[in-house]
Engineer: 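The following block contains the structure, expressed as structure tokens.
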Amino acid sequence: MYIYIHIPFCCNICSYCDFTKIYYHEKYVDAYLDSLEEEIKKRYKNEVVKSIYIGGGTPTCLNIKSLEKLLKLTLLFNKDKSYEFSVETNVELDIEKAKLLKKYGVNRISVGVESFDNNILKILNRTHKKEDIYNCINMLKKYFNNINIDLIYGVSNDINVVKKDIENALKLNINHISCYSLIIENNTMLKINGFKNIDEDIEYEMYNYIENTLTKNNFIHYEISNYAIRNYESIHNINYWQNNEYYGFGLGAVSYINNIRINNTKNINKYIKGEYEQDRIKENKQIRMENEIMLGFRMLKGINKEIFYNKYNKDIYKIFPIKKLVEENLLIEDDKYIKVNNKYIYILNEILIRLIN
Ligand code: SF4
């Protein structure tokens, strides 16, 4: 089983963010963690856990006492010997908190770097500066050998910003890099302030630059936005893309168990009162198969045909017009896998529309 835990508190709100988050408020934290414990105890059935992922929000903005209270909750899980345990952090993480994460078995850290360019960081309303990133990663390397950084590209039209960001990211000598293009979501400061998307062709050029440069430097491009040194791919995220089961605990978290998608409430007062669930949707076989391809084709390895058959008792070729897209060279097949042609993964959404409609 795979476990996601959501900590919604942030000390600062970024201009592009549409995640479930609220300003850090000491008075809510304790009650929230109590409620989280109740939710876990009520729903978790002692399954063997292969991965825990604590995300947010900014889990590490909790004070040291609350952070320890949160980490203690993970002792409730029956962990597999080789479990992955990831925690998201901002660059401002201090050494005491890093040591605490290590003490509780965290073995993968994901840092919200976003950019090394101080002007871009300002637009994104991140509070760190370029120098802070080096200090943070150097400190983390003393305790962890599995470090991811998140980068955002396409904030400005200038491809040199991207080139510099990738150059700086490579210098950190870490083993996982996630690169997301900026999406201006509704109800974000960027949207409200009328910030505009950059030219699509320039964004595509940036994407190609990132892919070429990272793959030349021994990173495997294993999902549209994710690159890892071999054997450092995130097993937690691969589980989502394989459309397998997981628990999501906490405000706004989503679980997928027994073909039912459970959406937790996004209302913190309700959550603290123990009214965790907002709704649950039973997914029929057609929806599950569609999800399987929408998620599975995000991975460059693609979809394993035998696994698809064993899961749904259906031949994938008979459900979706795969052959036609193979003829057009949009999809590529071999004995075991069907995958999106690497050249076209950037237009995955258009390929999916053709497969599903
Ligand atoms: S991007 Fe992360 S740190 Fe920034 S406001 Fe959103 S959840 Fe908080």
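Counting convention: from 1, in listed order, for ligands and their atoms alike. Not measured: the values here are computed from a predicted model.
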Engineer: Side chain, backbone, both or neither: which part of N12 has a heavy atom under 4.0 Å from ligand 1?
Structural biologist: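 The part of N12 near ligand 1 is the backbone, not the side chain.
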
Engineer: Report the relative orientation of the aromatic rings in Y227 and H221; use parallel for angles under 30°, tilted for 30 to 60°, perpendicular for over 60°.
Structural biologist: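 The arrangement is parallel - the two ring planes meet at less than 30°.
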
Engineer: Can you list the atoms of ligand 1 that are under 4.0 Å from a heavy atom of R126?
Structural biologist: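 Heavy-atom distances to R126 below 4.0 Å select 1 (S), 3 (S), 4 (Fe).
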
Engineer: Could you pull out the closest heavy-atom pair between K45 and R43, with the gap in Å?
Structural biologist: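 Heavy atoms only, the tightest pair is NZ-O, 3.0 Å.
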
Engineer: Under a 4.5 Å cut-off applied to non-hydrogen side-chain atoms, are N239 and S51 in contact?
Structural biologist: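 They are not in contact (no side-chain heavy atoms under 4.5 Å apart), so the answer is no.
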
Engineer: Does this structure show an ion pair linking K164 with E167, if we count only N-O contacts that are shorter than 4.0 Å?
Structural biologist: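 Judged by the 4.0 Å cut-off on N to carboxylate O distance, K164 and E167 do form a salt bridge.
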
Engineer: Is there any ring pair (Phe, Tyr, Trp, His ring centres under 6.0 Å) pair reaching into residues 247-274, and which pairs are they, with sequence neighbours excluded?
Structural biologist: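 Qualifying pairs, neighbours excluded: Y32-Y271, Y247-F249, Y271-Y276.
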
Engineer: With atom 6 (Fe) of ligand 1 as the centre, enumerate protein N/O/S atoms below 2.8 Å in chain and residue order.
Structural biologist: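 Under 2.8 Å from atom 6 (Fe) of ligand 1 - ignoring waters, which are not counted - the protein N, O or S atoms are C17 SG.
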
Engineer: Would you check if the distance from the ring center of Y246 to the ring center of Y4 is below 6.0 Å?
Structural biologist: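 Here the rings of Y4 and Y246 have centres that are no less than 6.0 Å from each other.
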
Engineer: Within a strict 4.5 Å, meaning less than it, do heavy atoms of the Q242 and M299 side chains meet?
Structural biologist: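 Yes, at least one pair of side-chain atoms sits under 4.5 Å.
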
